[in-house]
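What follows is a single structure, written as C-alpha cells, with notes after it.
A note on names: the letters A, B, ... follow the listed sequences, proteins ahead of strands, and every chain is numbered from 1.
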2 protein chains.
Amino acid sequence: MRGSTGAKGEAPTINDVAALAGVSKKTVSRVINKSPLLTEPTRKKVEAAIVELGFVPNPQARALALRRNFLIVLLHDNPNAQTVQNFQKGVLQTIGDSDLALVVRPVDRTSDGMLEDVRAFLEKHRPLGVLLLPPISERDDLAEVCRACGVEYVRVGSAPLDDEAHCVASNDREVVREACKALIAAGHRRFGFVRGPAGFRSALEREEGFRDAMNGAGVAIDDVLFAQGNYRFDSGIAAGNQLLLATPRPTAIFASNDEMAAGVMHAAKARGIDVPDDLSIVGFDDSPTASHLWPPLSTVRWPIVEMGRVAARKLVERYLPDIDDDEKELPTRLPSTFIDRGSIAPRPD
Amino acid sequence: MRGSTGAKGEAPTINDVAALAGVSKKTVSRVINKSPLLTEPTRKKVEAAIVELGFVPNPQARALALRRNFLIVLLHDNPNAQTVQNFQKGVLQTIGDSDLALVVRPVDRTSDGMLEDVRAFLEKHRPLGVLLLPPISERDDLAEVCRACGVEYVRVGSAPLDDEAHCVASNDREVVREACKALIAAGHRRFGFVRGPAGFRSALEREEGFRDAMNGAGVAIDDVLFAQGNYRFDSGIAAGNQLLLATPRPTAIFASNDEMAAGVMHAAKARGIDVPDDLSIVGFDDSPTASHLWPPLSTVRWPIVEMGRVAARKLVERYLPDIDDDEKELPTRLPSTFIDRGSIAPRPD
DNA sequence: TTGTACGCGTTATCAA
DNA sequence: TTGATAACGCGTACAA
C-alpha cells in the first residue's frame, strides 16, 4: 500500500515527487494546492508521481510555511457531555477525509484568565478556526479575541449570536412555544416554569417561548409559578420542591433543560405525585437521560450533529474551497424538534 | 501584556531573543530545552530576554525540526459520552499548562479501513502519543499500529491489557464481585444477569466478577438467568422482559452497564414490578442517568478522570521529563467504587 | 560552555 | 505556465 519507491523507509517528500515527475518543487506544490495555471499534461505527470510514491504533504511543514495550522478548535464549557460529543461527530463528518484535525479545548468560564488563556492558545497553535459552543459562545469578548488573533470562528447558540457567516443557531423560542402549546392542548392552565441560569441566552430564549405560549393561550403570567435553576439536577429538585408546595399546585411544569426536569420528576416522586397523571413535565435537550426516565420525558432536541456539520463547513469553506462546492447554501437557523414522549397527560380533575 | 519590543507586531522569534540577549540561537534553544550545560548568568540573561519579548516557541517550527508534533491523540469508539468527556478532563489536567494539545479522534470500529485510517492519521500528524479508550483499546492490532508508527500509546481497560508502561486499568471483576455481595447480603438468591456484548473485555470481566460472587455465596450458576445485551438501552429492555418472564422471577438483576440497567428498570415498571421493593437492580458506569433515575441506580464508578490524568502522564513523562518529576509512581490499577444508591432492597417475601 | 552552518518540508517571490 | 531561491522558526552536528 505504501509508496513502492520509498527507498529509505522514510516518507517521500515533495522533492522526491518533483524529481520523479521531472518538474520543480513549486510545480508540485501548485498541483497540491490546485493552482489554476497548470498545463493538463504537467498536472497529470505530477499526479502520477504522487500516486506512485504515495506522497502525503507534511502538515508540519505546511503549517510552518503558511503560518497556520490545519486545526479546528472546539472551544466549550459545556456540562452536557452528549451535546459536545454529538457536535464533534458533526464536525468530523465535515473534516473527515481532509487534512484537518479537531482539537478539543474545554475552558473554565468562571476563571479570570480564561480570555487570556484562549488568546495564548490561539496565538500558539494558530488554528484555522474556532468553533464555540454555548454557553461561552454567547460571550462577545471571546469572539473579539478570535478576530484579534486572526482566527475565524463560528458560534453556536439558541438564537443567532452573530452575522450569518459566524453563527449557527437553534430556534429555542419557537420550539418551546410549540412544546408548551402541547401542554395547553392537554388542558393545563396552572403552570410552573423552571428557569435556566441568569445571563444565559438559552435560558432567556426558552422563557420567552414559554411566555409566548402563555400569552397565546390567555394564561395570565401572574398565575404562573417561576423557580430559578442553574441547569443542574440538584437545582431541578429544589425547584420542583418549591413549585409542588404551592396551592393550588401546578399541573404542568416546563423545565429549561432535561437535568432539571429529571430533578422535578424526582421531587414529584418523592412526594408521591404521579408523573404524568398528577403532573406533566417537559424538558429540553433530549439528553440520554430523557428517554431513560420513567415515564420517558417529553423534551426538545437540537439538531446538534447537523449543527456541527454546518458550523465546520462555514469555518472551513473559505480555506478549502474545494470541499464540496456544489452544495446548497449553508443555513444559519437549524430548527429543533419537540419530542412528545410519555411525560405529558391530560390535566387531572 | 505582550512583548514590549514586538516592533513589527509579529510574534518574536528565537532570533529576536538571541539578539536581545547577545547570544546565539542555539543558546536560546538550550535554555528553552533546559540543557544542563549553561552558565547561570547566561541562562538568566536569556530568560530575561524571553520574558521581555514575551517569546513563545513556535510549535509548528518545533514540530518540523523534531519531526514530531506536540499532540496527544485520544482515540475512541465509545458510546458513553460522559466517559469520554471525563477522561478528556483528566488528560487536560495533566497537559494543562504545557505546550501540548489534545486531539480527539473518534473511530469506527466496524469499519474495515479503521486500522489503515489510524495509521494514516498517525503518520500524517506525528503525535507524541495516543490514548486508547475501551472498547478499541482492547485491540492488539491497534497497539501494533502505534508501535509501527513510532508513536507511544497507553491503553485504558477493565483489566490490564498491556505492560505497566502502556496501560491503565480498572478492577471490574473485583468491584462487580463486591457489588453483587451487597445483593447477596440483602438476602437475594434468585439472580438475573445481563451480559455485555460478546468479545468485549469489560463484559467478560464483569461476568467473571458476578460468577465469583455467586460461587462465593454458594448460589448455583445453573439457577442464574442470563440474558445477552449490547450495552444499549433497548437491549436492556429486551433483556429485562426476558428475565422478568421467568418463573420463579429473579429478585435481583445485575446489568453490565447503566444503560441496560435503565432498560431493565423500564421493563419492570412497564410490568408493574416495583423497583426496588419487588426487584433490586445494579448497573455499571455511574452515568449521569444513574442518579437521575427513580429510584437512583446503585452502580459502579470508574475513576475515569484520574485514569485520564495518569494515562496522560505515562505518555508524556518520557518526552517532558520536567513535568513533575518528584511525583509518586504512576499506578496501573485504579480501583473502581461501588455506589449503593436506592435500587437495592431486601429480598421480597 | 557557546557559536556556525545546515536541515526539516513546504510555500512565496519574482524572474524567465 | 514554470523554476531557482529564499523564507518559515527551531534543532542538531560539529567546530571553536
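Atom P of nucleotide C/dG9 and atom CZ of B/Arg62 are separated by 18 Å, given to the nearest angstrom. Going from atom CD1 of A/Ile32 over to atom P of C/dA12 covers 12 Å, rounded to whole Å. In this entry the distance linking CG of A/Leu37 with P of C/dA16 reads 19 Å, nearest Å. Rounded to whole Å, the distance from CG on B/Asp16 to P on D/dG9 is 9 Å. When rounded to the nearest whole Å, the span between CG of A/Leu38 and C1' of D/dG3 equals 13 Å. Nucleotide D/dC10 holds its P atom 12 Å from the CZ atom of B/Phe70, rounded to whole Å. Summarising the geometry, the separation between NZ on A/Lys34 and P on C/dT11 is reported as 12 Å, rounded to the nearest angstrom. Note: CG (B/Asn15) to P (D/dA7) measures 12 Å, nearest angstrom.
Applying the 4.0 Å criterion to OP1 and OP2 of C/dT2, one finds that B/Ser24 has every side-chain N and O outside that range. When the side-chain nitrogen and oxygen atoms of B/Ser29 are compared with OP1 and OP2 of D/dT12, none of them lie within a distance under 4.0 Å. At the phosphate of C/dT1, neither OP1 nor OP2 sits under 4.0 Å from any side-chain N or O atom of B/Thr39. Put simply, B/Asn33 has a side-chain N or O that comes within less than 4.0 Å of OP1 or OP2 on D/dG11.
Using five terminal pairs a side, the axes of the helix from C/dT1-D/dA16 to C/dA16-D/dT1 at its two ends make an angle of 30°, given in steps of 10 degrees.
Here the side chains of B/Leu161 and B/His166 are not in contact, with every heavy-atom distance at 4.5 Å or above. Here the side chains of A/Arg62 and A/Arg68 are not in contact, with every heavy-atom distance at 4.5 Å or above.
Side chain of B/Arg155 to main chain of B/Leu132: no donor-acceptor pair is present (N/O by atom type, distance under 3.5 Å, no hydrogens or angles).
Closest to the side chain of A/Ile14, out of C/dT10, D/dC10, D/dA4, is C/dT10. In the set D/dG11, C/dT1, C/dT13, the nucleotide with an atom closest to the side chain of A/Lys26 is C/dT13.
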Dump the pairs, protein N or O against N or O of nucleotides 6-8 of chain C, anything under 3.5 Å, distances to one decimal.
none

**Asked** Could you go step by step and tell me if B/Val156 and B/Leu131 meet the side chain to side chain contact (heavy atoms under 4.5 Å, CB included) rule?
**Response** CA-CA 8 Å; B/Val156 178; B/Leu131 260 17; 5.9 Å; no
**Request:** Step by step, work out the side chain to side chain contact (heavy atoms under 4.5 Å, CB included) result for B/Asp16 and B/Leu20.
**Result:** CA-CA 6 Å; B/Asp16 301 328; B/Leu20 180 62; over 6 Å; no
**Asked** Should A/Asn78 and A/Phe87 be marked as a side chain to side chain contact (heavy atoms under 4.5 Å, CB included) after you check the CA-CA gap, both sets of side-chain angles, and the distance that decides it?
**Response** CA-CA 11 Å; A/Asn78 197 312; A/Phe87 190 82; over 6 Å; no
**Message:** If you apply the rule side chain to side chain contact (heavy atoms under 4.5 Å, CB included), what do you find for A/Val84 with B/Gln85, and how did you get there?
**Reply:** CA-CA 8 Å; A/Val84 178; B/Gln85 205 74 358; 3.7 Å; yes
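Taking only distance into account, the side chain of B/Arg30 meets the base of C/dG3 through a donor-acceptor pair shorter than 3.5 Å.
Using a 4.0 Å cut-off between charged side-chain N and carboxylate O, A/Asp141 and A/Arg119 make no salt bridge. Note on B/Arg147 versus B/Asp140: no salt bridge recorded, every NZ/NE/NH1/NH2 to OD/OE distance being 4.0 Å or above.
The residue B/Val23 sits close only to the backbone: its heavy atoms come under 4.0 Å of sugar-phosphate atoms, none of a base. As judged by a 4.0 angstrom heavy-atom cut-off over every strand, A/Thr42 is placed among residues touching the sugar-phosphate backbone only.
Side chain to side chain, B/Thr110 and B/Asp108 meet the donor-acceptor criterion of an N or O pair below 3.5 Å.
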